[in-house]
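Notes follow once the structure below has been shown.
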2 protein chains.
Amino acid sequence: MELRQLRYFVAVAEELHFGRAAARLHISQPPLTVHIKRLEQTVGATLFDRTSRSVQLTAAGTSLYPRALAILDDVNRASAEVGLVAEGQVGQVRLGFVSSASYEVVPLALREMREEHPGISVDLEPLVTGEQLEALMQHRLDLGVVRDAPLHPGLDFVTLREERIVAVVPADWRIALDESAGLGTWKRCSGYVVALWSAEE
Amino acid sequence: MELRQLRYFVAVAEELHFGRAAARLHISQPPLTVHIKRLEQTVGATLFDRTSRSVQLTAAGTSLYPRALAILDDVNRASAEVGLVAEGQVGQVRLGFVSSASYEVVPLALREMREEHPGISVDLEPLVTGEQLEALMQHRLDLGVVRDAPLHPGLDFVTLREERIVAVVPADWRIALDESAGLGTWKRCSGYVVALWSAEE
DNA sequence: GGACCTTACGCTTTACGTAACGATA
DNA sequence: TATCGTTACGTAAAGCGTAAGGTCC
């Protein structure tokens, strides 16, 4: 069975007239007759009771008609939506992320995605760094959000944000008291020293 | 888009190898390449990322694959079931009946249908005789169950059963008292005469 | 060099249109 | 006789296979 035959069948089923159906299909009647006969042969059933005066659907034809419509509709929708997927208007992104990214990075990114690419759904997968790298290599993920991953052949890395690392130590520890330890800034806070320095230093 | 192209696409999508897909389809590789390229052209999207080392589905191809499977499956099911309809194993019968037939004739017939033709569903329509005849002529019904209909051109009539007509009259009516009135049998019953005679008489 | 996808080309099959035929009212 | 579906046949298009070309290990 071929889609062409289903298209021809639908035209005849709707017109109940080979001449008009052929005109609608922009072909002449004879090939239409041939295609319908071949379709009848492949499904093993007469689809139309036809005399020179009238064309009527048989029970088999009546049962085929809605199925044929549905199939042709599915085909058209599939074709259209595959085009949209290719254009990036519709689709799915599988995103892995370390759980600590769920506080700011991921929620902000999701909000931006919803606004700028409403047709793209995001499949969220909380995974530790190593699992993400493995999943990315096996194409089970499209994107990963990690902290401090070692460069990995076959994967591209982009810095999303740089964070300051905070050390909190008892105020009487040696590092806290040694102002020459290379700390950027520090302050005393309820008995502890909180030191901040930037990642890039 | 044609079904052949979807079949070829599915083969390549499952094998991820043009050579093996072609072998599975019992054709040589070159026509397969051509068909895939044409399919890609009609849907407006590249379906495979292919190098001489590997063939991989693109996002568009990934979205097409399950749709193609569903379409091909629908086509096969449609073909098979249309065949069954033609053989009379599956289908629907639209049955009209006068309400008085709902006591015995219709229930017995339905029980027999369920047992002997489990694939046939019966659409029941309670209608008076005139409505049934009209609906039958317009092919809105397949069968009608009526009482005592006048023969109608274009319709076949079959006697399902012959019923005895019962007259119940006060016992002092003249017909009740006249034993030569042609009644088959009669009996007195709480002040009435109940007379029975057969339709064929 | 080998594996694999693609392009080129000749041949077979399929599809289409015109014309002739058959059936029905 | 007019309408409409079918069959016959010549031509155009599509599909396939073999052979040659390109690219990546």
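Below, chains carry the letters A, B, ... as their sequence lines are ordered, and counting in each starts from 1.
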Reckon [X] has a side-chain N or O less than 4.0 Å from the OP1 or OP2 of [N]?
{"X": "Lys37(A)", "N": "dT7(D)", "answer": "yes"}
{"X": "Tyr8(A)", "N": "dA15(C)", "answer": "no"}
{"X": "His35(B)", "N": "dA14(D)", "answer": "no"}

Of Phe9(A), Tyr8(A), Phe18(A), the one forming a ring pair (Phe, Tyr, Trp, His ring centres under 6.0 Å) with His35(A) is Tyr8(A)
With a 4.5 Å heavy-atom cut-off, do [X] and [Y] have their side chains touching?
{"X": "Thr46(A)", "Y": "Glu40(A)", "value": "yes"}
{"X": "Val98(B)", "Y": "Gln132(B)", "value": "yes"}
{"X": "Arg7(A)", "Y": "Leu72(A)", "value": "yes"}

Among [options], the nucleotide that comes nearest once only the side chain of [X] is considered:
{"X": "Pro31(A)", "options": "dC4(D), dC16(C), dG17(D)", "result": "dC16(C)"}
{"X": "Thr33(B)", "options": "dC16(D), dT7(C), dT7(D)", "result": "dT7(C)"}
{"X": "Arg4(A)", "options": "dG17(C), dA15(C), dA14(D)", "result": "dA15(C)"}
{"X": "Pro30(A)", "options": "dA8(D), dG5(D), dA15(C)", "result": "dA8(D)"}

Between Ile27(A) and Leu16(B), which is nearer to the 5' end of DNA chain C once each is assigned its nearest nucleotide? Leu16(B)
Can you tell me how far [atom2] of [N] sits from [atom1] of [X], to the nearest Å?
{"X": "Leu32(B)", "N": "dT7(C)", "atom1": "CG", "atom2": "P", "result": "13 Å"}
{"X": "Leu25(A)", "N": "dG5(D)", "atom1": "CG", "atom2": "P", "result": "13 Å"}
{"X": "Glu2(A)", "N": "dT13(C)", "atom1": "CD", "atom2": "P", "result": "18 Å"}
{"X": "Glu15(A)", "N": "dG5(D)", "atom1": "CD", "atom2": "C1'", "result": "16 Å"}
{"X": "Arg20(B)", "N": "dC5(C)", "atom1": "CZ", "atom2": "C1'", "result": "13 Å"}
{"X": "His17(A)", "N": "dT6(D)", "atom1": "NE2", "atom2": "P", "result": "12 Å"}
{"X": "Arg38(A)", "N": "dT7(D)", "atom1": "CZ", "atom2": "P", "result": "13 Å"}
{"X": "Gln29(B)", "N": "dT18(D)", "atom1": "CD", "atom2": "P", "result": "10 Å"}

Under the 3.5 angstrom rule, does the side chain of Gln89(A) hit a backbone N or O of Leu84(A) as a donor-acceptor pair? no
Does Gln29(B) use its side chain to pair, donor to acceptor, with the backbone of Gly19(B) at less than 3.5 Å? no
Measure the angle between the two terminal helix axes of the helix from dG1(C)-dC25(D) to dA25(C)-dT1(D), five base pairs each, and quote it to 10°.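 Nearest ten degrees gives 20° for this helix.
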Using the side-chain contact (heavy atoms from CB on, under 4.5 Å) definition, which of the options Arg114(A), Gln92(A), Met113(A) pairs with Ile120(A)? Met113(A)
Inspect the contact between Glu14(A) and Arg24(A) and indicate whether a charged nitrogen and a carboxylate oxygen are less than 4.0 angstrom apart.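 Answer for the salt bridge query: yes.
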What's the separation between atom CG in Leu57(A) and atom NE2 in His139(B), rounded to the nearest 0.5 Å?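 It is 12.0 Å, given to the nearest 0.5 Å.
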Just verifying a value: how many Å separate Arg4(A) CZ and Leu3(B) CG, rounded to the nearest 0.5 Å?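 Between Arg4(A) CZ and Leu3(B) CG, I get 11.5 Å after rounding to 0.5 Å.
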Neighbours of DNA chain D within residues 43-64 of chain A, by heavy-atom distance under 4.0 Å: Arg50(A), Thr51(A), Ser52(A), Val55(A)
